[in-house]
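Residue numbering restarts at 1 for every chain, and letters A, B, ... go by the order of the sequence lines.
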2 protein chains.
Amino acid sequence: MNDQTIDVDQLTPGARQVLDAASRLFYEHGIHAVGVDGIAEESGVTKRTLYNNFASKDALVTAYLQHRHSSWWPRLQERIDDAAAPRALALFDVYAEDALHVTRGCAFLNAAAELPTDHPAFAVIRHHKASIEELLARLVREDSPEEPTPDQLGRHLFLLLEGAFAHQGVRGRQLITEAREIARSLLQ
Amino acid sequence: MNDQTIDVDQLTPGARQVLDAASRLFYEHGIHAVGVDGIAEESGVTKRTLYNNFASKDALVTAYLQHRHSSWWPRLQERIDDAAAPRALALFDVYAEDALHVTRGCAFLNAAAELPTDHPAFAVIRHHKASIEELLARLVREDSPEEPTPDQLGRHLFLLLEGAFAHQGVRGRQLITEAREIARSLLQ
DNA sequence: AACCCCCTATACCGATCTGTGAAGTTCCGC
DNA sequence: GCGGAACTTCACAGATCGGTATAGGGGGTT
């Protein structure tokens, strides 16, 4: 399924440093505001090493989002597995915890705001958001089988979650806890 | 209140062309992806004229968002005035109509994703979003006085609206109509 | 030993970035 | 017809952009 995911453990040390530095800088300052010179300097590696490991800046941007998704997703799954019904609230909990260091909102929506829709990374963005929406829909179907319209409830929770997350960089992190409270009341 | 708004009618013709072209390009391609050379070329004026009317690219970015808010807000108010209760749904209607040409989601959230938080335009972004949230809260208080927690319902609608709008560039425009349907059911 | 891979350093490419300088033109109100 | 605002063209500055070139060092495998 995820044939494109980045296996961090098999990256060369230099490549790992490049990806880490690029992730920090892209998220903090935006993609177009960060140059490859800055990434190389921040990662303690020369541009030659950067281009030995990543074909282009665009490829590095794609790897940034792929890695962000593929390292976060198992952590979310773990929290879902440990949660009691309604497990959908576990997503809000994870987002609320992340909010302490994820101070500029959703990295995927931020990237979508900057990239052309035919950029290779755009497929990663769509995959990430579709995964979350499908996960919420499944959790609602399984945990609230008496619900007459589980699909609509799933989308309802998705909009609450993403609305709060999208505004995190503008409004701050209390919005996500308010969204969780609203979601909790919806799930009885 | 709005001492910083741009009065389009008293801009010089060249300045107006610059602002229009910059607005198109900033929204379509992002702020950092667009250079002043491209804005000058697209607007049919020279860079000299651009800098005679705007102190810097940052000032032009700020004017772009100020104008976008100050030209859209009266149109929204008009629709609110003409709407029947619950008037909050009129916001969803306006967003749904805008979606036909506003294909890359919210210009203010997109800008917030690219700009540093101390950029002058960031205050415009916060003002815009606070205005919408306050408007929704007021409409709910006035139209649904029987509601036990009108503030929470207002925030609930805000999150639905903004969640759908934020995803418009990724998921397309049917999400906003689904959000409207959910909002309608919440308002009975 | 030879080889290969990954790394280093430094210099360079053409293009583009924001912003400025100087000088000349068009148009409008007085 | 004059002044001035707004415009034009052209050139340029200094920096930075993404990306490449050359040359060599360090360590592990065979």
Side-chain angles (χ1 to χ4, degrees), chain A residues 6-65 111 113-116 118-122, chain B residues 6-65 111 113-116 118-122:
Chain A
I6 304 287
D7 187 351
V8 178
D9 296 329
Q10 73 183 19
L11 289 178
T12 64
R16 177 66 200 268
Q17 288 169 258
V18 168
L19 185 56
D20 285 349
S23 298
R24 278 198 309 275
L25 294 174
F26 284 156
Y27 180 69
E28 197 62 33
H29 306 291
I31 290 168
H32 284 126
V34 172
V36 288
D37 289 312
I39 295 171
E41 189 181 356
E42 176 84 2
S43 58
V45 146
T46 60
K47 275 206 291 181
R48 203 71 195 85
T49 299
L50 188 156
Y51 278 100
N52 279 339
N53 290 278
F54 300 94
S56 64
K57 184 187 177 182
D58 282 337
L60 184 54
V61 169
T62 308
Y64 151 57
L65 292 176
E114 287 200 72
L115 300 177
D118 58 355
H119 190 285
F122 225 93
Chain B
I6 305 285
D7 187 350
V8 177
D9 296 329
Q10 73 183 20
L11 289 178
T12 65
R16 176 65 199 266
Q17 288 169 259
V18 168
L19 185 56
D20 285 349
S23 297
R24 277 198 309 275
L25 294 174
F26 284 156
Y27 180 68
E28 197 62 33
H29 306 291
I31 290 168
H32 285 127
V34 172
V36 289
D37 287 313
I39 296 170
E41 189 182 358
E42 177 83 3
S43 59
V45 307
T46 60
K47 275 204 293 180
R48 206 75 200 88
T49 299
L50 189 155
Y51 277 102
N52 280 340
N53 289 279
F54 300 94
S56 63
K57 184 186 175 183
D58 282 337
L60 184 53
V61 169
T62 308
Y64 151 56
L65 292 177
E114 287 201 71
L115 299 177
D118 58 354
H119 191 285
F122 225 93

**Asked** Can you tell me how far NE2 of A/H119 sits from CG of A/L65, rounded to the nearest 0.5 angstrom?
**Response** 9.0 Å

**Request:** For the pair B/E114 (side chain) and A/E114 (backbone), establish whether a donor and an acceptor sit closer than 3.5 Å, ignoring hydrogens and angles.
**Result:** no

**Request:** Whole angstrom is fine here: how far is it from CD1 in A/I39 over to C1' in D/dG19?
**Result:** 13 Å

**Asked** Ignoring hydrogens and angles, does a donor from either the side chain of A/K57 or the base of D/dG19 sit under 3.5 Å from an acceptor on the other?
**Response** no

**Prompt:** Closer than 4.0 Å, any side-chain N/O of B/N53 to the OP1 or OP2 of D/dC7?
**Reply:** yes

**Salt bridge flag under 4.0 Å for residues B/R24 and B/D20** = no

**Request:** Figure out the CG/C1' separation between A/D37 and C/dA9, and round it to whole Å.
**Result:** 14 Å

**Request:** Give a yes/no answer on whether the side chain of A/T12 brings an N or O atom under 4.0 Å of OP1 or OP2 in C/dC5.
**Result:** no

**Prompt:** In whole Å, what is the span from the CG atom of A/L50 to the P atom of C/dT10?
**Reply:** 18 Å

**Closest contact, heavy atoms only, A/G38 versus A/L25** = O-CD1, 3.9 Å

**Asked** Quick one: B/K47 NZ to D/dA13 C1', roughly how many Å, whole number?
**Response** 10 Å

**Complete:** From CZ of B/R16 across to P of D/dA6 the rounded distance in Å is 17 Å

**Asked** So, is A/T46 close to the C/dT10 phosphate, meaning a side-chain N or O under 4.0 Å from OP1 or OP2?
**Response** no

**Request:** Can you tell me the distance, in whole Å, between the OH atom of B/Y51 and the C1' atom of D/dA13?
**Result:** 13 Å

**Asked** Which whole-number value in Å describes the distance from A/R48 CZ to D/dT22 P?
**Response** 10 Å

**Prompt:** To the nearest angstrom, how far is A/D58 atom CG from D/dG18 atom P?
**Reply:** 10 Å

**Asked** When the nearest nucleotide of DNA chain D is assigned to A/A33 and to A/A55 on a heavy-atom basis, which residue is associated with the more 5' position?
**Response** A/A33

**Fill in**
Here the pair of heavy atoms bringing A/S56 nearest to A/Y51 is CA-CE2, 4.0 Å

**Request:** Using a heavy-atom cut-off of under 4.0 Å over every strand shown, decide if B/G44 touches base, sugar-phosphate, or nothing.
**Result:** sugar-phosphate

